[in-house]
Amino acid sequence: MARFLITSALPYINGIKHLGNLAGSMLPADVHARFRRLQGHEVLFLCATDEHGTPAELAAAEAGQDVRAYCDEQHLIQRAAGEGFRLSFDHFGRSSNPQNHALTQHFGERLEAAGLIEERVSKQVYSIDDGRFLPDRYVEGTCPHCAFERARGDQCDNCGRLLDPTDLKNPRSKISGSTNVEVRDTAHLFLKQPLMQDRIRAWVDAATEWPHLARSIAYKWLDEGLIDRAITRDLAWGVKVTKDGAVRPGFENKVYYVWFDAPIEYIAAGAEWAEATGSDWERWWRTDKGASDVTYIEFMGKDNVAFHTVSFPVTIMGSGEPWKLVDRLKAFNWVTWYGGKFSTSEKRGIFMDQALELLPSDYWRWYLMANAPESSDAAFTLEQFQQTVNADLANVFGNFVNRITRFCAAKFDSAVPTGGVAGDLEAKLAADVAARVAALTQHHEEMEFRKAAAELRALWAAGNEYLQVAAPWTAFKTDPAYAAVGVRTGLNLVALFAVLAQPFIPDAAGRVLDVLAVPADRRGWPAPATAALLDLLPQGHPIAPPDVLFAKIEDADVAAWTERFGGG
RNA sequence: GGUGGCGUAGCUCAGUUGGUUAGAGCGUGGGAUUCAUAACCCCAAGGUCGGUGGUUCAAUUCCACCCGCCACCA
């Protein structure tokens, strides 16, 4: 038995996530966590909402709420959506919780002790009416190059030139629109990342198991050279900057930058979990306190790779303490909506809460993983969704369960038939199934989700193929003993298929296992080499046909959803 | 603009360390079957592997340029 620490990229607090966000980190992380638990391994699966930063403050202001109250509310919404999708987090934390504040301050002070922090004064635009410094993106004005009147502080959208906010003519606050602004001096902490460049590169060099996408992104950053990076901001909402345990002089109105404290929440979520459950979190996160045998796997979208392979490791390694570093990581591309972007502001696409209003989570889980954006962006269309769900879940798997359990109920008194001797066909089936289970297991271990889904589907199809040839409904008339073998084999296939389907479609798989009364100790992931793959159900064991597992998606449904969500 | 990626059957995608007939699922056409959610099973048709050049005995696979799409640029 091994130990797996699994984290998913933290969803930002600002609004419910869409299906692309789900498919790009939280869902595959859950599938893998479930797979590892079924194998009997010890798993700690952590996620949290990322709550600090300007966007949260602005969204709260727009909603007319205090930022803390806003985050409280949004956190509950996101947590409910995660539960709706059966995301099996051991803990779903919050970066605004005290554990993260304490750890972020701890890392900040450790980095300073290691000589990696420098305080510098720079010039920044201050909005007198807003009573705050303005982030680059929240200063607008006239471009000094092309006279475009709505240039942003970081870049002019008209001529494309990169700008410094202090260059803008007639600057104004994008927050309030006020032109009552001025340039003021402000001090910030800078993380001297170049000092860590060699250590990070050596670490990436050694990470030969990372996927190509992740390594190439990490090397690109390293090749360009790491730069000193500001890790504080002039904001009220966030982690206070400390020195020797007290608020750092001159930083009374500043906090750590959200990108600095957010990844630390991975660790802090462990601390939250420990506090909530009375467990020990350091045995998962500190190699000097029992975590040396832990395999740490991170899931994320491709936009987050650089932070996970370079920035966060700078924080971790720079602390000089034996924290757990990522061992394996899995990065995803984007799911697109009819070839374009999902967009919150333009209401393009389907969001997690809406999806659950339409269909149970298993439908979405299956489609999003069978079409996971692993090697490139993957297009989501309602038509493709309908076809995939109807074919794979309703016709191939659902119908297989239905046809054999109902035949058993009609002809064998709702019990696993006894007697009869398995023949060549069953031996061939067993060999085929064993090979496919081995392949499926390997795909899961390598986190190849599309391939795993395709292999599982192929197994389901092999079950249908077997039944077609064994044809117990024909044998029943001439050779009842062989019909018994066929039905018994078919029912065992159902049980096996459900066991193997648990990571992808946990609800439906659980229902099948329940109606077959498969005991808990037989629901674990099978060892591929075992001869007992098709022997999960004792002979004479009573079973009951389940209700239809997956109703088909009708054309009328697709038409209605297209109308509502504007696909096509 | 810079950097990186992608462009393979009607659709969504595999694959090719350069080498006989380029694969899967869906969709389409035909057949078989009747236990089953008109489901399942079998068979078939469909692609000059974005374009133009180059290297090579041989390129969809390597190189250059072009076109189109996408991401990132702290």
Side-chain angles (χ1 to χ4, degrees), chain A residues 24 136 154-156 159-162 190-191 193 212-213 215-221 223-231 257-260 301-307 310-311 314 331-336 338-341 367 370-381 383-412 448 450-451 453-458 460-477 483 486-487 490-491 494 545-554:
Chain A
D136 294 357
D154 52 350
Q155 187 172 19
C156 173
C159 68
R161 277 184 236 234
L162 298 178
F190 282 74
L191 180 57
Q193 298 192 116
H212 176 73
L213 178 67
R215 294 189 97 203
S216 63
I217 291 174
Y219 278 127
K220 185 190 162 223
W221 276 43
D223 290 344
E224 289 177 0
L226 301 183
I227 63 169
D228 293 346
R229 182 160 157 262
I231 58 165
Y257 185 28
V258 61
W259 270 114
F260 184 73
K302 59 184 171 184
D303 57 325
N304 266 331
V305 170
F307 286 96
V310 179
S311 304
V314 166
F332 288 85
N333 292 278
W334 309 126
V335 175
T336 59
Y338 289 88
K341 287 183 181 176
Y367 179 82
N371 298 281
E374 292 181 295
S375 61
S376 62
D377 292 353
F380 182 96
T381 68
E383 293 76 10
Q384 191 81 14
F385 175 63
Q386 175 194 27
Q387 285 174 1
T388 301
V389 164
N390 287 353
D392 295 354
L393 297 183
N395 295 347
V396 177
F397 179 51
N399 181 54
F400 180 74
V401 174
N402 195 43
R403 69 193 293 202
I404 191 63
T405 51
R406 289 189 55 175
F407 186 71
C408 174
K411 305 293 187 186
F412 288 89
E448 296 269 14
R450 272 179 185 260
K451 289 179 181 173
E455 193 61 57
L456 180 56
R457 216 190 73 87
W460 295 339
N464 279 309
E465 197 178 329
Y466 166 77
L467 267 196
Q468 200 69 22
V469 178
W473 48 90
T474 303
F476 188 74
K477 299 166 189 162
V487 171
L491 290 171
V494 169
D547 296 333
V548 166
L549 275 181
F550 296 99
K552 289 191 188 183
I553 299 171
E554 304 295 337

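Only heavy atoms go into these numbers, but all of them, side chains included; no hydrogens, no water, no symmetry mates. Here is the naming used below: chain letters follow the sequence lines, and residue numbers restart at 1 for every chain.
Look at the C1' atom in both A9(B) and A44(B): the space between them is 14 Å, to the nearest Å. Rounded to a whole angstrom, the distance from the C1' atom of U20(B) to that of C67(B) is 34 Å. On the P atoms, A22(B) is 16 Å away from U16(B), given to the nearest whole Å. Between G15(B) and G50(B), the distance separating the two P atoms is 15 Å to the nearest Å. One C1' atom belongs to G18(B), the other to A58(B), and the distance between them is 8 Å to the nearest Å. For the C1' atom pair drawn from G1(B) and C63(B), the interatomic distance equals 25 Å after rounding to whole Å. Comparing the C1' positions of C40(B) and C66(B) gives an interatomic distance of 49 Å, to the nearest angstrom. Separation of the C1' atoms belonging to C62(B) and A71(B) is 25 Å when rounded to the nearest angstrom.
Relative ring orientation between Y367(A) and F385(A) is described as perpendicular, the plane-to-plane angle rising above 60° on a 0-90° scale split at 30° and 60°.
The main-chain N or O of R450(A) is found under 3.5 Å from a side-chain atom of E374(A) such that the two form a donor-acceptor pair. A donor-acceptor pair is defined here as one N or O able to donate and one able to accept, closer than 3.5 Å; no such pair exists between the side chain of D392(A) and the backbone of R457(A). At least one donor-acceptor pair closer than 3.5 Å links the side chain of N390(A) to the backbone N or O of I553(A).
Base pairing analysis places G27(B) opposite nothing; no Watson-Crick or G-U wobble pair with both distances below 3.5 Å involves it. Nucleotide U3(B): paired with A71(B) (Watson-Crick or G-U wobble, both distances less than 3.5 Å). The base-pairing partner of U16(B), taking Watson-Crick or G-U wobble contacts with both distances under 3.5 Å, does not exist among the strands shown. Nucleotide C62(B) forms a Watson-Crick or G-U wobble pair with G54(B), both donor-acceptor distances falling under 3.5 Å. Base pairing analysis places C49(B) opposite nothing; no Watson-Crick or G-U wobble pair with both distances below 3.5 Å involves it.
From W259(A), atom CH2 reaches atom CG of N304(A) across 4.5 Å, with rounding to the nearest 0.5 Å.
When the nucleotides C42(B), A36(B), C26(B) are ranked by their closest atom to the side chain of N402(A), A36(B) comes out on top. Which of C35(B), A74(B), U37(B) sits closest to the side chain of Q468(A) comes down to C35(B). Between A74(B), C40(B), C42(B), one nucleotide has an atom nearer to the side chain of N464(A) than all others, and that is C40(B). Checked against A36(B), C26(B), G25(B), the side chain of Q384(A) finds its nearest nucleotide in G25(B).
Look at R450(A) and you won't find any side-chain N or O under 4.0 angstrom from OP1 or OP2 of U12(B). In terms of phosphate contacts, K411(A) brings no side-chain nitrogen or oxygen within less than 4.0 Å of OP1 or OP2 of C35(B).
Contact annotation: side chain of N395(A) to base of A39(B), donor-acceptor pair absent below 3.5 Å.
In this structure, F400(A) atom CZ and C35(B) atom P are separated by 16 Å, rounded to whole Å. Remark: P of C72(B) and CH2 of W334(A) are 6 Å apart, rounded to the nearest angstrom. Rounding to whole angstrom units, CG of residue N399(A) and P of A36(B) are separated by 10 Å. We find that CZ of F550(A) is positioned 15 Å from C1' of A39(B), with the value rounded to whole Å. G25(B) atom P lies 7 Å from atom CZ of R457(A), rounded to whole Å.
Because its glycosidic torsion is within 90° of 0, G46(B) is reported here as syn.
Ring stacking is absent between F407(A) and C35(B), as the pair misses the limits of under 5.5 Å between centres and under 30 degrees between planes.
Within 4.0 Å of F476(A), counting heavy atoms only, lies no atom of the nucleic acid at all. Using a 4.0 Å heavy-atom distance criterion, W259(A) is classed as making no nucleic acid contact.
No close placement of the Y466(A) and F400(A) rings is indicated, their centers lying 6.0 Å or farther apart.
Counting heavy atoms from C-beta outward, V487(A) and K411(A) have side chains that stay 4.5 Å or more apart.
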